[in-house]
**Student:** 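Please read through the structure below; I'll follow up with questions.
Residue numbers begin at 1 in each chain, while the letters A, B, ... track the order of the sequences. Note that the structure is a prediction, hence the values are computed from the model and not measured.
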Number of protein chains: 2
Amino acid sequence: MSQAISPPPHRAVIEHLVRQSVYAKLGKPLPHTAGAPNPLVVNVSARHCHLTQEAVEILFGKGHQLQVHKWLYQEGQFAAKESVTLVGPRSRVISNLRILGPCRTLNQVELAYTDGIALGYDLPLRSSGDIKGTIGGMLMGPAGFFEMEQGIIRALRHVHMSPTDAEYYGVKPGDWMKLKIGGPCGLTLDRMLCRVDKSFKLEVHIDTDEGNACNLHPDTSCELFK
Amino acid sequence: MSQAISPPPHRAVIEHLVRQSVYAKLGKPLPHTAGAPNPLVVNVSARHCHLTQEAVEILFGKGHQLQVHKWLYQEGQFAAKESVTLVGPRSRVISNLRILGPCRTLNQVELAYTDGIALGYDLPLRSSGDIKGTIGGMLMGPAGFFEMEQGIIRALRHVHMSPTDAEYYGVKPGDWMKLKIGGPCGLTLDRMLCRVDKSFKLEVHIDTDEGNACNLHPDTSCELFK
């Protein structure tokens, strides 16, 4: 049986630790960014879905449990070994749509606009979980089909943070922040939703359109501000 | 024989004219943006290629001339009826890669990073025409194959402008400008290359990754500044 992958720490996490330790050794005050309580991790979410246990069993068979392929940065969240095929309105498909675990209480597919155009969807832009009245589609797994009546969205870009981070950045849940991404095709995302919970690690989630627009790599500079 | 399409004027062009006429009727001074010498048109360039006449003849047959499918905003430029298939390094293909005319003195394919990832290319980011040392690929047409030794790039986002526009915005050729794009997933492109020529109409070209990152539509507000 193959083992789940624990990815190495994100470069931003290591840089943050090194910076703090270097300034401490030099006996110098920390510059603003190095003084943040937590490193800023920016990750690109490729298209994926969240499913209920019921949907997983319809797609993969009675009693099936999602298996961990790779642990994600948020505690307890994982990319599953299982993936499904999404059939769009013009019978075009996206295969290998990754499932993220653990199971949730609703079914939701998160696509980039580029994916939506390829499939023939006019995707609604929604905050994760806010799927009322959104479009639906058909998922296909090895054990069967599962029809989603709604839940296909482009997820609003957002930042996960703890109350400590929110205090440091001077924001509250539901506020909008900006993220400036550097490099030769840099850009600033002007509307980034703040999601605050004490279980959250500081992490920005953008989609592949956003990540590719600025060619985001692990060593690209990122600055989060109000 | 089917005729070439002359697309209706871009919404930004009409809005600019209406704004100027309304302010003139009201006898009020023009606000800054309405006072610009020319409307700001922002267009998304989907993946495409520019070819030499020699390449066109290898791909489509001796003596073949590109036919106009649709006139573009820049004077004399057009999307051709002809398209080619691009074969990438892992034998993955992009079919229906549109040719833009008229023919040029070099062969160049412009892709978004999302296209590059799908094909297996690590695309260099280059200004159009600056293709020395870039990667190559194989083009396939109805009459034959044409191997490009180089010329496959992601084009640097840029703005075409006349010297009158450059004076208004206070920039010179090769300067960098910013473009703020509004809406619910708005962003600001922080590095946009200025290309100035007296034949140019004021127009920003971004690619599909950039256009989809912010869901750019004809009625999305755009602001160009230094």
Side-chain angles (χ1 to χ4, degrees), chain A residues 42 44-47 94-96 110-119 121-128 130 153-158 176-193 204-217 220-223 225, chain B residues 42 44-47 94-96 110-119 121-128 130 153-158 176-193 204-217 220-223 225:
Chain A
V42 179
V44 175
S45 297
R47 54 182 176 246
I94 283 185
S95 46
N96 300 318
E110 300 179 31
L111 303 176
Y113 281 127
T114 298
D115 301 323
I117 291 165
L119 281 176
Y121 280 122
D122 186 11
L123 293 174
L125 178 73
R126 291 293 182 93
S127 178
S128 181
D130 171 25
I153 62 169
R154 182 208 197 177
L156 258 176
R157 55 177 90 118
H158 57 273
W176 297 100
M177 297 187 77
K178 295 185 203 301
L179 182 76
K180 186 177 172 67
I181 302 173
C185 49
L187 54 76
T188 303
L189 299 170
D190 291 326
R191 278 170 69 88
M192 161 107 32
L193 185 67
V204 168
H205 279 160
I206 62 176
D207 73 9
T208 45
D209 286 340
E210 292 159 340
N212 290 336
C214 60
N215 201 21
L216 183 77
H217 283 281
T220 309
S221 72
C222 292
E223 188 190 345
F225 56 100
Chain B
V42 180
V44 175
S45 297
R47 53 184 177 245
I94 282 184
S95 48
N96 300 319
E110 301 179 30
L111 303 176
Y113 280 128
T114 298
D115 301 323
I117 292 165
L119 281 175
Y121 280 122
D122 186 10
L123 294 174
L125 179 72
R126 292 291 183 93
S127 177
S128 181
D130 171 26
I153 62 170
R154 182 210 198 177
L156 257 176
R157 56 178 89 120
H158 57 274
W176 297 101
M177 296 186 78
K178 296 186 204 298
L179 182 75
K180 185 176 172 67
I181 301 172
C185 49
L187 54 75
T188 302
L189 300 169
D190 291 326
R191 279 170 68 88
M192 160 107 33
L193 186 66
V204 168
H205 279 161
I206 62 177
D207 72 8
T208 45
D209 286 342
E210 293 159 339
N212 289 336
C214 60
N215 200 21
L216 182 77
H217 283 281
T220 309
S221 71
C222 292
E223 188 190 346
F225 56 100

**Student:** Test side-chain contact (heavy atoms from CB on, under 4.5 Å) on A:Asn212 and B:Arg154 and set out the steps.
**Tutor:** CA-CA 11 Å; A:Asn212 290 336; B:Arg154 182 210 198 177; over 6 Å; no
**Student:** Where does B:Leu193 contact chain A at under 4.5 Å (heavy atoms): side chain, backbone, both or neither?
**Tutor:** neither
**Student:** Under the rule for salt bridge (Lys or Arg N to Asp or Glu O under 4.0 Å), what residues qualify as partners of B:Asp209, not counting sequence neighbours?
**Tutor:** none
**Student:** Tell me, for B:Ile117 versus chain A, whether the close heavy atoms (under 4.5 Å) come from the side chain, the backbone, both or neither.
**Tutor:** side chain
**Student:** Under a 4.5 Å cutoff for heavy-atom pairs, which residue among B:Leu156, B:Ile181, B:Thr114 has the most contacts with chain A?
**Tutor:** B:Thr114
**Student:** Which bit of A:Leu179 is near chain B, if near means a heavy-atom gap under 4.5 Å: side chain, backbone, both or neither?
**Tutor:** neither
**Student:** Measure A:Leu125 against the heavy atoms of chain B and call it side chain, backbone, both or neither at under 4.5 Å.
**Tutor:** side chain
**Student:** Mind checking salt bridge (Lys or Arg N to Asp or Glu O under 4.0 Å) for B:Arg191 and listing every partner two or more places apart, or none if nothing turns up?
**Tutor:** none
